[in-house]
Amino acid sequence: MMISSSKAAAAYSRTQSALSTSGADASVSGSTETTGFGDALQSAIDGVVNTGEQAEAKAAAGLHGQGNLTDIVTSVSQAQIVMQTASTVRDRVIQSYQDIMRMTI
């Protein structure tokens, strides 16, 4: 997955401004405020689901001969990237949990 440096810088800027204006509990997107890790995780999962639903709706419209082909391909590609990102995050969380469980006390 390739992310342009301008997008990464913009995301970092939004994160920093959200943290400085609303404290440590602010969300990354800045559109909704979360109160903890669980809320942030739920918000991210909802975003993945919404992106998938939008891609499915555009693909279905394309099968019926409606919609712009460029919009359909872009939407499906975006959904694929979001799913790959969610899968990578899940794998890292599982790996971190397993590493913690292997630690000796």
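Partners of Arg102 according to the side-chain hydrogen bond (donor to acceptor under 3.5 Å, both in side chains) rule, which considers only residues two or more places apart in sequence or in another chain, are Asp99. Scanning for salt bridge (Lys or Arg N to Asp or Glu O under 4.0 Å) contacts around Arg90 gives an empty result, with sequence neighbours left out. With sequence neighbours excluded, no residue forms a salt bridge (Lys or Arg N to Asp or Glu O under 4.0 Å) with Asp91.
Screening residues 59-69 for salt bridge (Lys or Arg N to Asp or Glu O under 4.0 Å) gives no qualifying pairs among residues at least two apart or on separate chains. Sequence neighbours left out, not one pair with a member in residues 46-62 passes salt bridge (Lys or Arg N to Asp or Glu O under 4.0 Å).
The heavy-atom pair separating Ala79 from Thr51 by the smallest distance is CA-CG2, 3.7 Å. Closest of all the heavy-atom pairs between Val48 and Ala86 is CG2-CB, 4.1 Å.
Note: Ile72 CD1 to Gln66 CD = 9.5 Å, rounded to the nearest 0.5 Å. Atom-to-atom distance recorded for Thr74:OG1 and Gln78:CD is 8.5 Å, nearest 0.5 angstrom.
Cluster partners of Val93, using a side-chain heavy-atom cutoff of under 4.5 Å among ILVMFWY residues and allowing indirect links, are Val89.
Under the 3.5 Å distance criterion, the side-chain polar atoms of Thr85 are matched with a main-chain donor or acceptor of Ile81.
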